[in-house]
Amino acid sequence: MQYFSTRGDGPVSLDEALQKGIADDGGLFLPQQLPFFEAGDFDDADSIPQVAERLLRPFFVGSGLEDALEEILAETFSFPIPSTPLPAAGRALLLLELYHGPTAAFKDVGAGFLAACLSRLESDEDSPLTILVATSGDTGGAVAAAFDARPGMRVVVLFPDGRVSDRQAHQLCCWSDNVVSLKVQGSFDDCQALVKAAMADPQLAAAHRFSSANSINIGRLLPQSTYYAESSLRHYRRTGNKPGFIIPTGNLGNAFACIMAREMGLPIGPVILATNANRTIADYFETLQWLPRASLQTLASAMDVGDPSNMERLRKLVGEADVLRERLGVLSVSDAEIETAIRQDYSEFGFATCPHTATATHTWRHLDDEVASAHDWILVGTAHPAKFETIVEPIIGEIVPLPPELAEILARPAHSITIEADLKSLATAIGGA
Ligand SMILES: *Cc1c(COP(=O)(O)O)cnc(C)c1O
């Protein structure tokens with residue numbers, strides 16, 4: 001399989017697309033064509049790694065990683081991804097629990113897969129690859145966990161001091177020596193600007209081999225399609241119904257993977273995007289004008305995106321707003337609605353949801369009756385509520401018990417370096433200035 005940039009560059013191999021992250025012309029990589037499957041093609045595949053193997057095999061044809069695919073998938077899916085039935089009147093309702101990985105958020109899947117691929121592509125290089133990640137919370141932890149203690153790979157995590165929760169900060173700072181955690185005296189935007197500046201700096205780029213691991217890498221998207229495939233197949237086999245999905249959405253990476261799975265023939269019904277108060281996608285569907293803007297801070301902070309980069313992929317794959325809005329729903333959910341949803345989830349479902357997941361439960365409760373009753377629904381749970389305990393616990397008035405994977409991480413010693421938000425401080429911290 002070959003890969004092309006959304007802006008035309010290419011073709012490149014999968015291996016090159018994984019290593020580059022972004023195309024030379026600034027576009028995002030997409031496979032030349034998507035394979036098409038029938039539900040029956042997966043008849044004897046009933047675990048996630050087995051479904052993943054079948055689904056992803058065509059994307060690896062001709063890649064140096066082809067023979068390692070099974071191993072890569074076993075490494076990636078080392079934790080369960082259950083779809084749990086929820087109590088609801090009427091049509092079936094399930095929660096796809098994507099938060100049982102090492103850092104308790106869905107980004108563990110994409111980061112784990114990317115790390116498993118890159119470490120194999122890197123094995124014959126002698127200077128380490130340095131992955132730079134600017135993070136407002138979840139991404140940095142998932143990437144650090146995925147690359148932790150991998151030989152030949154180094155991760156530099158930049159996060160804004162004082163603007164991530166204590167638990168998130170700990171998750172960014174508790175890894176082996178190959179993960180350097182930098183507390184930046186500035187905002188998330190400063191962290192992102194620093195990563196860009198470092199990669200563009202000739203002296204630093206000569207001293208390090210830089211790469212990035214943000215959600216525009218095709219290696220983050222491919223494995224995400226597999227949990228949509230597996231959960232929809234499981235439901236379809238059991239009931240004969242194609243479930244709809246409601247997906248908490250920020251940069252559109254997770255939802256894009258679901259749409260890609262549907263395009264490949266998986267038994268998926270309607271797909272509805274639940275965003276927070278950042279209305280860029282909702283306004284696009286309404287006005288047909290694509291107007292990216294600065295992001296607003298909300299309770300669902302990992303979805304605070306005003307310019308969702310994967311929209312470029314979606315427009316290329318499916319079409320512009322007039323086509324997109326026929327195939328996708330979107331609802332923008334306010335902070336007040338998120339709070340209400342967390343409270344309601346706790347009383348109706350008997351467990352807490354994180355603020356991101358709550359955008360999906362709110363959206364489900366506010367579907368048109370006709371739409372709601374025409375389909376079974378799978379709500380996508382993107383993070384464990386214990387990661388956002390300072391928001392969730394006051395709302396439900398209870399302590400959220402720590403899942404074992406988070407408890408394990410929080411018990412580790414943490415270490416970090418504090419830097420000013422300038423390139424010189426970054427260079428001093430990572431060496432090679
Ligand atoms: C990153 C993230 C999202 C948003 O996912 P996108 O792929 O950026 O749309 C939602 N919820 C949580 C918990 C996240 O970490």
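When a ligand or atom number is given, it counts from 1 through the structure's own listing order. Computed from a prediction, not measured in an experiment: that's the story for all the values here. Values below: every heavy atom of this structure, side chains too, minus hydrogens, waters and symmetry copies.
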If you have a sec, work out which protein heavy atom is nearest atom 3 (C) of ligand 1 and how many Å separate them, to one decimal? Phe106 CE2, 3.5 Å
Under 4.5 Å between any side-chain heavy atoms of Ile281 and Pro308, yes or no? yes
Is any N or O atom of Cys354, backbone or side chain, closer than 3.5 Å to an N or O atom of ligand 1? no
Flag Met303 as yes when one of its N or O atoms lies below 3.5 Å from any N or O atom of ligand 1, and as no otherwise. no
Check for me whether the distance between the ring centres of His375 and Trp377 falls short of 6.0 Å. yes
Examine Phe245 together with Tyr228 and report whether their ring centres are nearer than 6.0 Å. yes
Does the separation of the ring centres of Tyr99 and Phe106 fall below 6.0 angstrom? no
So that I can tick it off, tell me whether Glu348 and Arg365 are bridged by a salt bridge, with the cut-off set at under 4.0 angstrom between side-chain N and carboxylate O. yes
Atom 8 (O) of ligand 1 - nearest protein heavy atom and its distance: Asn251 N, 2.8 Å
Short N/O distance, under 3.5 Å, between Leu252 and ligand 1? yes
Give me the nearest non-hydrogen protein atom to atom 14 (C) of ligand 1 as residue plus atom name, then the distance to 0.1 Å. Lys107 NZ, 2.8 Å
Hey, are Glu286 and Arg325 close enough for a salt bridge, meaning a charged N less than 4.0 Å from a carboxylate O? no
Could an N or O of ligand 1 be found under 3.5 Å from any N or O of His356, whether backbone or side chain? no
Taking only Lys NZ, Arg NE, NH1 and NH2, and the carboxylate oxygens of Asp or Glu, determine whether Lys316 and Glu312 approach each other closer than 4.0 Å. no
The closest protein heavy-atom partner of atom 12 (C) of ligand 1 is Thr382 OG1, 3.5 Å
For Thr249 and ligand 1, does the shortest N/O to N/O distance drop below 3.5 Å? no
